Amino acid sequence: MPELPEVETVARGLQKSIAGRRIVSVRLGKTDFIDDPAALELHLPGRQIEKVERYGKFMLLRLSPGLNSGDSENGDGASLLVHLGMTGQLAPSAAALPSAKHTHVWFELDDGRELRYTDPRRFGRMAYLTGAHLAEELTAFGADPLLVSAEEFASRVRSRNAQIKALLLDQSVLRGVGNIYADESLWRAKIHPMRRGTELSKKQTQMLRRVLQDVLRKAILARGSSISDFLDADGEPGEYQRHHRAYGREGKRCYRCGATIRRAIVAGRSSYFCPTCQPAPRTRKKGKRRRQARNG
DNA sequence: CGTTGAACCTGTTTGC
DNA sequence: TGCAAACAGGTTCAAC
């Protein structure tokens, strides 16, 4: 569910509502999505949440130096890394309110509230990481799509023979793009999701970066897309789903040309596109119909 | 190197 | 109405 704009929305909300608060205690339910549950219970109590930021689809809760002695990496960029997976929600709540179903982590704060993590499918991830470990973790990711230069974007995309949809979803190429914003940007750039990176012209590549950034910025302004269950840190849905041009529009007409939006599985994911505006690449032979004779 | 499919887990929607 | 299949904003891993 949460891609870059949704995670940015949650991170900004949390920065406003919980930055500066201290974690008093930690309570855990199911923990199979937590790297080292005991580390949370051991290291988080007493720490102040200094800042909440986004890194790709991750949230980084930057923590104050710990008071426990014996922890050689105290203060060394200690952070709580949170990935929302498909259905994760992280939001503060009055401690007295009942917890939603599938709430698995409660951080008691020093102002009487609790920061709660709820995640029905538990595809999310949570980890307490310090300095070197955190840095190492983050090196696996590619460029931030909002910051990437035209040159870097082009070199990352045009050097790869994979399908452009797969490249946009690959977090080691760009960090933060998911299924919705991949399809939305490809529709706007008029590029078929099965086109190869190597196949894109310089113009197309420039256009793709431009519209991707534009879509992401506008989606952030609209506080993300809520298809069925995304809620921000204030419990509010986003509005950007109203502006979707491709994603989820199978069978409806293309806003640009009126053709019928199609759905196909590309890179293992449902992909929505306009078959007219986004012409398909020449299909590989792949058995089936033997049209033209090859050999000459 | 690139693709595909399965797996992780729960809930909701769709189809017969 | 009932029940099974398909599908969901993500990631990872094995197999080819």
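Lettering of chains follows the sequences in order, A, B, ..., and the numbering in each one begins at 1. What you see is a predicted model; the values in this text were computed from it and never measured.
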What are the atom names and distances for every N/O pair under 3.5 Å that joins the protein to nucleotides 12-16 of chain C?
none

Examine C:dT11: is either OP1 or OP2 under 4.0 Å from a nitrogen or oxygen in the side chain of A:H83? Give yes or no.
->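 Yes, A:H83 has a side-chain N/O under 4.0 Å of OP1/OP2 on C:dT11.
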Qualifying residues under side-chain hydrogen bond (donor to acceptor under 3.5 Å, both in side chains), relative to [X], sequence neighbours excluded:
| X | answer |
| --- | --- |
| A:E236 | none |
| A:E137 | A:R125 |
| A:E108 | A:S25 |
| A:D232 | none |

Decide, yes or no, whether a salt bridge links A:D32 with A:K30 under the criterion of side-chain N to carboxylate O below 4.0 Å.
-> no
Please find out if less than 6.0 Å separates the ring center of A:Y117 from that of A:F33.
-> yes
At under 4.0 Å between heavy atoms, what does A:Y272 touch on the DNA or RNA strands: base, sugar-phosphate, or nothing?
-> sugar-phosphate
Hydrophobic side-chain clustering at under 4.5 Å (ILVMFWY, transitive links): who's grouped with A:V24? Put none if nobody.
->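 Once heavy-atom contacts under 4.5 Å are chained together, A:V24 still belongs with nothing else.
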What is the per-nucleotide protein-contact pattern of nucleotides 10-16 of chain B, from the 5' end, where B denotes a base atom under 4.0 Å from a protein heavy atom, S denotes such proximity for sugar-phosphate atoms only, and - denotes neither?
-> BS-----
Would you please enumerate the stems DNA chain B participates in, each stem being three or more consecutive Watson-Crick or G-U wobble pairs with both distances under 3.5 Å?
-> B:2-8 with C:10-16, B:10-16 with C:2-8
Residue pairs meeting ring-ring contact (aromatic ring centres under 6.0 Å, His included), one or both in residues 142-177 of chain A, sequence neighbours left out, come to none
Results of ring pair (Phe, Tyr, Trp, His ring centres under 6.0 Å) for A:F58 - residues two or more places apart only =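 Counting only residues at least two positions away or on another chain, A:F58 forms a ring pair (Phe, Tyr, Trp, His ring centres under 6.0 Å) with A:H83, A:F141.
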For A:F107, what residues pass the ring pair (Phe, Tyr, Trp, His ring centres under 6.0 Å) criterion, not counting sequence neighbours?
->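 Per chain and number, A:F107 pairs via ring pair (Phe, Tyr, Trp, His ring centres under 6.0 Å) with no residue.
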Which residues, if any, of residues 263-271 of chain A bring a heavy atom under 4.0 Å of DNA chain C?
->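 Only A:R263, A:R269, A:S270 qualify.
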